[in-house]
Amino acid sequence: MLPFLVPQTIKPPSSPPHLLASASARSSPKLPLCSLPSNPSAADKNPQIQSLSQLGNLLQALQVLPLEPNPSQRTYELLILSCTARSSLSDAVRLHRHLSDDGSDQDPFLATKLINMYSQLGSVEDARKVFDETRQRTIYVWNALFRALTTAGEGLEVLHLYRQMNRTGTQSDRFTYTFVLKACVASENLIELLMKGKEIHAHILRHGYETQVHVMTTLVDMYAKFGRVAYADFVFDEMPVRNVVSWSAMIACYAKNGYPFEALELFWEMMLGENESFPNSVTMVSVLQACGALAALEQGKLVHAYILRKGLDSILPVMNSLVAMYGRCGKLEQGQRVFDQMKERDVVAWNSLISMYGIHGFGSKAIRVFEDMIDSGVSPSPISFVSVLGACSHAGHVEEGKILFSSMAKEHGIYPTAEHYACMVDLLGRANRLDEAAKIVQEMRIEPGPLVWGALLGSCRIHCNVDLAERASRRLFELEPTNAGNYVLLADIYARANMWREVNRVKKFLKARALQKVPGRSWIEVKRKIHSFMSVDEFNPHKEQLHALLFKLSTEMKEKGYVPQTNVVLYDLAEEDKERIVLGHSEKLAVAFGLINCNSGEVIRITKNLRLCEDCHLFTKLISKYAEKEILVRDVNRYHHFQNGECSCGDYW
DNA sequence: GTAGGGTTAG
């Protein structure tokens, strides 16, 4: 029996006995130490395993007994692996002492193993000590340290040491490049590290590594994490060899950086183009994300069918993304159905469901799901609270939100982060309890960041509180001097208060710094095709037709009492010009396109990249009544379900 | 002897 080598927590092995019985010590797999106990008969017969048993006992006795006289490299290697498998740092330290005593710690092979061991046991300091004490630093030793430091989030140190390594004349290999590229991402100071990453990119090309698919994929991913989609795109295009991981990295890059349309395009190219890579579960997660971002329900359904056909429906992250996709496409029943069919549900699955109900304004339902989650024995995560507090905010459930917020630390041991405080500020601010919201900011246990001040400024906009808005924006501008959205928000508040001099001052400031607000964009899926609209889009082939229809609708609705909400326009123009501007908003163009192209009875689904403006909201409500159409619009915050002249948000958004 | 892509929110 090997009680020492095999902790109870390690699950029984699935590896066949022949793997364990490998004759060559060097080629034996990593598993055997964990795999031994389930097959005692094999262990009895196998000399290798018998010696493992002795080693186990030996290690157990390390404190009092000496090791065998001259432990071999293989003996030490197995002992190191055993410490890692048992997660015992104290044994690891004792073992390390033995290696130091007989000089084996100077063996670069064992030094590498020691570094890996300490890294996996969570002690990067000890890993570093091993490295510092190793005189013969082979590329394996360097790579092990780079990996350990990157895992511990010490990317800057990796880059510092990488420079040192280059000076000593040690050549990087393909593993080094993947580690140092990852180190660029695993640090804080963004722009400098991007420069460093580009420099390493140049080294890679200079040394002829562009055919190494691991290296190039890591490069794609590094640019993706920096949000440099064009660079990622370029590297991917130039790759001579691609596999499923490279395709997935590029699709994820698009999906995560606001290019969901391109993500879907690449997915179809992967499916239908001439290449030998086929999507797997990881690919599908990003593809579902892209469908959700576009509210592309028909595409999403196709993807769902593919998942079923390929048998990927038992994979938890895939199912979680599927729930989220249906939620974001406005198909609550479908989302709930997928969730109900799941055999196992983790906290992410529950969070997806909570946020699905939350963004649709079903606050009470979201709270109930949150409670069901706890009843089922799943502990909430910080994201669970972001979702459920967001749900309270959208539905105006202030008291429930306050109770949940105070339960975070008390009942669940989760301390509020900036995200949670921002949710509370939003919840109170929206409900016109600005004093309470401001008090939360004042009494926060952490420094209020841009998220929190932004939430406060947003609330000031809803309730037109100029004084508080000026205070919040002052801090916000200090923290995010180049975020044009914040300045636009303040200008909007001034405009609502008819303070045009101040509006112009903010606009001049923006112009002087060449800051531009993100242009409004809307998307609509019609017959599995996605169409995109911008308010200023000279090249849209449907422009004339859509404008004509909108003008006609607007005129008719005015006769029925529609008054255009022109106060959303930040220019001090004649009323007529303001009306023309609001009538050209991207979301109205998408509605008009949907009216022309969707069959009767079909729901119009639109997504927008910004918050819905008051005029588009009112206009769409009226259209839903006069055209007898159900219209779903998801803006950056939540869903609006327009039907028969009403919106599911109850004009509270 | 070591390596690359993914889930929920904002």
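Chain letters run A, B, ... following the sequence lines, proteins first and then strands; every chain starts at 1. Values below: all heavy atoms of this structure, side chains included; hydrogens, waters and symmetry mates excluded.
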Return the nearest nucleotide to the side chain of A:Ser355; candidates are B:dT7, B:dA9, B:dA3.
B:dA9

Write down the distance between CE (A:Met270) and C1' (B:dG5), rounded to a whole number of angstrom.
10 Å

Would you tell me if any nitrogen or oxygen in the side chain of A:Gln289 comes within less than 4.0 Å of OP1 or OP2 on B:dT8?
yes

Count the heavy atoms of every other residue, nucleotide or ligand shown that sit under 6.0 Å from CD of A:Glu333, and state whether that count exceeds 12.
yes

Taking atom types as they are modelled, is there a donor-acceptor pair under 3.5 Å from the base of B:dG1 to the side chain of A:Thr112?
yes

Residues in contact with DNA chain B, drawn from residues 358-394 of chain A - heavy-atom cutoff 4.0 Å:
A:Ile383, A:Val386, A:Ser387

Could you list by number each residue of residues 139-149 of chain A showing a heavy-atom separation from DNA chain B of less than 4.0 Å, or answer none if no residue does?
A:Tyr140, A:Asn143, A:Arg147

Starting from P on B:dG6, measure out to CG on A:Leu312 and report it in whole angstrom.
17 Å

Less than 4.0 angstrom between a side-chain N/O of A:Lys225 and OP1 or OP2 of B:dG6, yes or no?
yes

Just call it for A:Asn116: base, sugar-phosphate, or nothing, with non-hydrogen atoms closer than 4.0 Å on any strand.
nothing

Mind checking if A:Val244 touches a base, just sugar-phosphate, or nothing, with heavy atoms under 4.0 Å?
base

Under 3.5 Å side-chain donor-acceptor pair for A:His201 and A:Tyr231
no

Among B:dA3, B:dT8, B:dG5, which nucleotide sits nearest the side chain of A:Val282?
B:dG5

With sequence neighbours excluded, tell me which residues meet ring-ring contact (aromatic ring centres under 6.0 Å, His included) with A:Phe175.
none

With heavy atoms under 4.0 Å as the rule, sort A:Pro108 into base, sugar-phosphate or nothing.
base

May I ask you to say what A:Val213 touches in the nucleic acid, namely base, sugar-phosphate or nothing, with a heavy-atom cut-off under 4.0 Å?
base

Rounded interatomic separation in angstrom, taking CD1 from A:Ile251 and C1' from B:dT7:
16 Å

As a test of reading the structure: which of B:dT2, B:dG6, B:dT8 is closest to the side chain of A:Ser352, going by heavy atoms?
B:dT8

Classify A:Thr176 by what it touches in the nucleic acid, base, sugar-phosphate, or nothing, heavy-atom distance under 4.0 Å.
nothing

Can you check the A:Tyr223 OH to B:dG5 P distance for me, whole Å?
16 Å

Nearest-neighbour nucleotide for the A:Phe109 side chain, B:dG6, B:dG1, B:dA3 considered
B:dG1

Tell me: CG of A:Leu404 to P of B:dA9, nearest whole Å?
18 Å

Yes or no on side chain to side chain contact (heavy atoms under 4.5 Å, CB included) for A:Leu114 and A:Tyr76, after CA distance, side-chain angles and deciding distance?
CA-CA 10 Å; A:Leu114 282 173; A:Tyr76 274 136; over 6 Å; no

For A:Ser381, all residues meeting side chain to side chain contact (heavy atoms under 4.5 Å, CB included), sequence neighbours excluded
A:Val347, A:Asn351, A:Ile383, A:Ser384

Hydrogens and angles aside, do A:Asp173 and A:Thr176 bring a side-chain donor and acceptor to less than 3.5 Å of each other?
yes

Hey, are A:His214 and A:Thr217 close enough side-chain-wise for a donor-acceptor pair under 3.5 Å?
no

A:Leu121 CG to A:Thr84 OG1 distance, which is reported to the nearest 0.5 Å
5.0 Å

Spacing between A:Tyr357 atom OH and B:dT8 atom C1', to the nearest angstrom
16 Å

When you check the phosphate oxygens OP1 and OP2 of B:dT8, does a side-chain N or O of A:Lys256 lie under 4.0 Å from one of them?
no

Between the side chains of A:Thr218 and A:Asp221, is a donor N or O closer than 3.5 angstrom to an acceptor N or O?
no

Per A:Thr217 side chain, nearest of listed nucleotides B:dA3, B:dT8, B:dG4:
B:dG4

Could you note down all residue pairs passing ring pair (Phe, Tyr, Trp, His ring centres under 6.0 Å) where residues 250-271 of chain A supplies at least one of them, sequence neighbours left out?
none

Among B:dG4, B:dT2, B:dG10, which nucleotide sits nearest the side chain of A:Asp173?
B:dT2

Just how far, in rounded Å, is P of B:dG6 from CG of A:Asn257?
11 Å

Between A:Tyr326 and the options A:Leu288, A:Leu297, A:Leu332, the side chain to side chain contact (heavy atoms under 4.5 Å, CB included) test singles out A:Leu297

Given B:dG6, B:dT7, B:dG5, which nucleotide is nearest the side-chain atoms of A:Asp346?
B:dT7

Side-chain contact check for A:Ser246: nearest option of B:dG4, B:dG1, B:dT2 is B:dG4

Out of B:dG6, B:dT2, B:dG5, whichever nucleotide has its closest atom nearest the side chain of A:Phe175
B:dT2

Return a table of donor-acceptor pairs under 3.5 angstrom between the side chains of residues 354-378 of chain A and protein atoms on other chains or two or more places apart.
unit_1	atom_1	unit_2	atom_2	d
A:Ser355	OG	A:Ser352	O	3.4
A:Tyr357	OH	A:Gln336	OE1	2.6
A:His360	NE2	A:Gly327	O	3.0
A:Ser364	OG	A:His397	NE2	3.2
A:Ser376	OG	A:Met373	O	2.8

Is a donor-acceptor pair below 3.5 Å formed from side chain A:Ser248 to base B:dG5, judging by atom type as modelled?
yes

Rounded to the nearest angstrom, tell me the gap between atom CZ in A:Phe405 and atom P in B:dA9.
20 Å

When all nucleic acid strands are considered with a 4.0 Å heavy-atom cut-off, which category describes A:Asn637: base, sugar-phosphate, or nothing?
nothing

